[in-house]
Amino acid sequence: MLVYPSGIDLSSHTLQHLSGLLAGHRSRIGSRWRRLTCGRQAVLVLAHLRCGDTYARLGAGFRVGIATVYRYIREAVDLLAALAPTLKQAMQTVRKKAYVILDGTVLPIDRIAADRPYYSGKKKHHGMNVQVIADPAGRLIWASDALPGATHDLTAARTHGVPAALAADGVKCWADKAYQGAGATFRVPFRGKNLPGWRRRHNRDHAKIRSLGERAMATLKCWRLLRKLRCSTTRITAIVRAVVALELAT
């Protein structure tokens, strides 16, 4: 197989952060020798998460076996996932904001028609539902565990305890029409057609505020692996949490 040099659009700080995390882990478990150094393992993992490179391509590029690539990636993803904030930890940041923006996305996965729980009727493809909280500037604060794509956004938010957590601290939240009935702290647009003038103006102003939350979604989708996940659905939560940990560390 031909091999060529490539680039990853991430800062050296991200590489150093992951390398240090891997070095500390190897020291704790007493790992004496590896085919790749901590720095090379970090590059391999970032190439997989950021660029979506397959195990076979990474194995050829780094001159290691596919099984080794799998172990290196799983090890690093689990370490990073453990650093991602829980909703309780994220609320410490949320309390300092004037308001937050909540939105959901369905990450595409490679499932067949028989896997109905994973099929999103809204997106018309199989996927996993992830809820994202962003600050007023659209910066990522928190991302939820992944649920089957057929899960409604409001159901997913309630499953993760988001409305209850925001209501407990009285934090206002801007969200789309899918979150109707989430609670008094939620600000959602009016539904229906041929709305009166003031309601149309309200919906336009609401959309301008909520659109900033798309920046957080774009931040996640910049990690190309999340654009089409081909792994087990049981691993998707760890991958999302690993991406969030890397974003918040930089």
Asker: Taking Gln41 for its side chain and Tyr72 for its backbone only, find out whether a donor-acceptor pair lies under 3.5 Å.
Answerer: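 Flag set: sc Gln41 to bb Tyr72 pair under 3.5 Å.
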
Asker: Do you know the tightest heavy-atom contact between Ala42 and Leu15?
Answerer: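 The answer is CB-CD1, 3.5 Å.
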
Asker: Suppose we screen for side-chain contact (heavy atoms from CB on, under 4.5 Å). Which residues come up paired with Glu214, at least two apart in sequence or across chains?
Answerer: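 side-chain contact (heavy atoms from CB on, under 4.5 Å) check on Glu214 returns Asp103, Met217.
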
Asker: Would you check if the side chain of Arg241 reaches a backbone N or O of Ala84 as a donor-acceptor pair within less than 3.5 Å?
Answerer: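 Present.
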
Asker: To the nearest 0.5 angstrom, please state how far the CG atom of Leu147 sits from the NE2 atom of His152.
Answerer: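 Leu147 atom CG to His152 atom NE2 measures 13.5 Å (nearest 0.5 Å).
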
Asker: For the CE atom of Met128 and the CD1 atom of Ile236, what is their distance to the nearest 0.5 Å?
Answerer: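 Rounded to the nearest 0.5 Å, the CE-CD1 separation comes to 4.5 Å.
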
Asker: Which value, rounded to the nearest 0.5 Å, describes the distance between Asp110 atom CG and Leu229 atom CG?
Answerer: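 One gets 8.5 Å once the value is rounded to the nearest 0.5 Å.
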
Asker: Nearest 0.5 angstrom please: Leu49 CG to Leu225 CG, how far?
Answerer: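 These two atoms lie 6.0 Å from each other.
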
Asker: Can you check side-chain contact (heavy atoms from CB on, under 4.5 Å) on Asp176 and Tyr179, steps first, answer last?
Answerer: CA-CA 6 Å; Asp176 61 25; Tyr179 297 91; 3.1 Å; yes

Asker: Take atom NZ in Lys228; do more than 12 heavy atoms of anything else shown fall under 6.0 Å from it?
Answerer: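 Yes, enclosed.
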
Asker: Are Leu83 and Leu21 close enough, and set up right, to give a side-chain contact (heavy atoms from CB on, under 4.5 Å), and what steps lead you there?
Answerer: CA-CA 10 Å; Leu83 299 179; Leu21 190 64; 3.9 Å; yes

Asker: Is Ser144 reaching over with its side chain to a backbone N or O of Gln131, donor-acceptor style, under 3.5 angstrom?
Answerer: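 Answer holds: yes.
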
Asker: Is a side-chain donor or acceptor of Arg191 paired with a backbone partner of Lys177 at a separation under 3.5 angstrom?
Answerer: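 Present.
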
Asker: Is any NZ, NE, NH1 or NH2 atom of the basic residue among Asp78 and Arg235 found under 4.0 Å from an Asp or Glu carboxylate oxygen of the other?
Answerer: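 Salt bridge present between Asp78 and Arg235.
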
Asker: Check side-chain contact (heavy atoms from CB on, under 4.5 Å) between Thr54 and all other residues, then give those that pass, not counting sequence neighbours.
Answerer: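 Per chain and number, Thr54 pairs via side-chain contact (heavy atoms from CB on, under 4.5 Å) with Ala56, Arg57.
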
Asker: Between Asp9 and Arg50 (salt bridge meaning N to carboxylate O under 4.0 Å), is one present in this structure?
Answerer: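 Arg50 and Asp9: salt-bridged.
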
Asker: Minimum heavy-atom separation for Val244 to Pro85, with atom names?
Answerer: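 Closest approach of Val244 to Pro85: CG1-CD, 4.2 Å.
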
Asker: Work out which heavy atom in Pro163 is nearest to a heavy atom in Ala182; give both atom names and the distance.
Answerer: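 That would be CB-O, 3.5 Å.
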
Asker: Can any side-chain N or O of His126 pair as donor or acceptor with the backbone N or O of Tyr119 at less than 3.5 Å?
Answerer: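 Looks like no, no N/O pair under 3.5 Å.
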
Asker: For Thr14, check side-chain contact (heavy atoms from CB on, under 4.5 Å) against everything at least two apart and list the hits.
Answerer: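 For Thr14 the side-chain contact (heavy atoms from CB on, under 4.5 Å) partners, ignoring immediate neighbours, are Leu10, Ser11, Leu46, Leu246, Thr250.
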
Asker: Can you list every salt bridge (charged side-chain N to carboxylate O under 4.0 Å, His left out) pair that touches residues 150-171, not counting sequence neighbours?
Answerer: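 Every pair satisfying salt bridge (charged side-chain N to carboxylate O under 4.0 Å, His left out) with a residue in residues 150-171: Arg95-Asp169.
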
Asker: If hydrophobic clusters are built by linking Ile, Leu, Val, Met, Phe, Trp and Tyr wherever their side-chain heavy atoms come under 4.5 Å apart, do Val94 and Ile209 end up in the same one?
Answerer: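 No.
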
Asker: Treat each ILVMFWY residue as a node, draw an edge where side-chain heavy atoms are under 4.5 Å apart, and state whether Val130 and Ile239 are in one component.
Answerer: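 Same cluster.
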
Asker: Between Leu18 and Val240, is there a shared hydrophobic cluster once you connect ILVMFWY residues whose side-chain heavy atoms come closer than 4.5 Å?
Answerer: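 Yes, Leu18 and Val240 fall within the same hydrophobic cluster.
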
Asker: Where do Val45 and Ala76 come nearest, in terms of heavy atoms and distance?
Answerer: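 Result for this residue pair: CG2-CB, 3.5 Å.
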
Asker: Taking all heavy atoms of Tyr99 and all of Ile101, pick out the closest pair and write down the distance.
Answerer: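 That would be CE1-CG1, 4.2 Å.
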
Asker: Under a 3.5 Å distance rule, please check whether His13 uses its side chain to pair with a backbone N or O of Ala249 as donor and acceptor.
Answerer: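 Here the side-chain-to-backbone pair exists.
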
Asker: Could you go through the side-chain contact (heavy atoms from CB on, under 4.5 Å) check for Lys97 and Val171 one step at a time?
Answerer: CA-CA 8 Å; Lys97 306 297 181 180; Val171 179; 6.0 Å; no

Asker: Please verify the inter-ring angle class for Trp142 with His160; under 30° counts as parallel, over 60° as perpendicular, anything in between as tilted.
Answerer: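 Correct class here is perpendicular.
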
Asker: Just by distance, do the side chain of Thr155 and the backbone of Thr151 share a donor-acceptor pair under 3.5 Å?
Answerer: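 Checked: no pair found.
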
Asker: Let me confirm one number: the CG-CG distance from Leu102 to Leu166, rounded to the nearest 0.5 Å.
Answerer: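 CG of Leu166 is found 7.5 Å from CG of Leu102.
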
Asker: Which residue pairs pass the salt bridge (charged side-chain N to carboxylate O under 4.0 Å, His left out) test with at least one member in residues 28-40, sequence neighbours excluded?
Answerer: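 Of all non-adjacent pairs touching residues 28-40, those that pass salt bridge (charged side-chain N to carboxylate O under 4.0 Å, His left out) are Arg34-Glu75.
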
Asker: Please identify each residue that fulfils side-chain contact (heavy atoms from CB on, under 4.5 Å) with Phe190, with sequence neighbours left out.
Answerer: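 Expected list: Leu195, Trp198, Arg199, His202, Asn203.
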
Asker: Does Leu107 belong to the same Ile/Leu/Val/Met/Phe/Trp/Tyr cluster as Val132, with side-chain heavy atoms less than 4.5 Å apart forming each link?
Answerer: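 As far as the 4.5 Å side-chain criterion goes, Val132 and Leu107 are connected within one cluster.
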
Asker: Tell me the closest heavy-atom pair linking Ile141 and Ala134, and the distance in Å.
Answerer: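 Answer, listing the atom of Ile141 first, then Ala134: CD1-C, 3.9 Å.
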
Asker: Contact between Leu58 and His48 at the side-chain level, heavy atoms closer than 4.5 Å - yes or no?
Answerer: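 In contact.
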
Asker: Thr185 side chain to Gly170 main-chain N or O, any donor-acceptor pair under 3.5 Å?
Answerer: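 Not confirmed, Thr185 side chain does not pair with Gly170 backbone.
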
Asker: If we ignore hydrogens and angles and just use 3.5 Å, is the side chain of Arg215 paired with the main-chain N or O of Ala137 as donor and acceptor?
Answerer: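 Looks like yes, one N/O pair under 3.5 Å.
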
Asker: Hydrophobic clustering (ILVMFWY, side-chain heavy atoms < 4.5 Å, transitive) - are Met91 and Trp174 grouped together?
Answerer: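 Different hydrophobic clusters.
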
Asker: If you round to the nearest 0.5 Å, how far is CZ of Arg187 from NZ of Lys172?
Answerer: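 Here the rounded value is 5.0 Å.
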
Asker: Could you tell me whether the side chain of Arg139 and the main chain of Pro136 form a donor-acceptor pair under 3.5 Å?
Answerer: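 Absent.
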
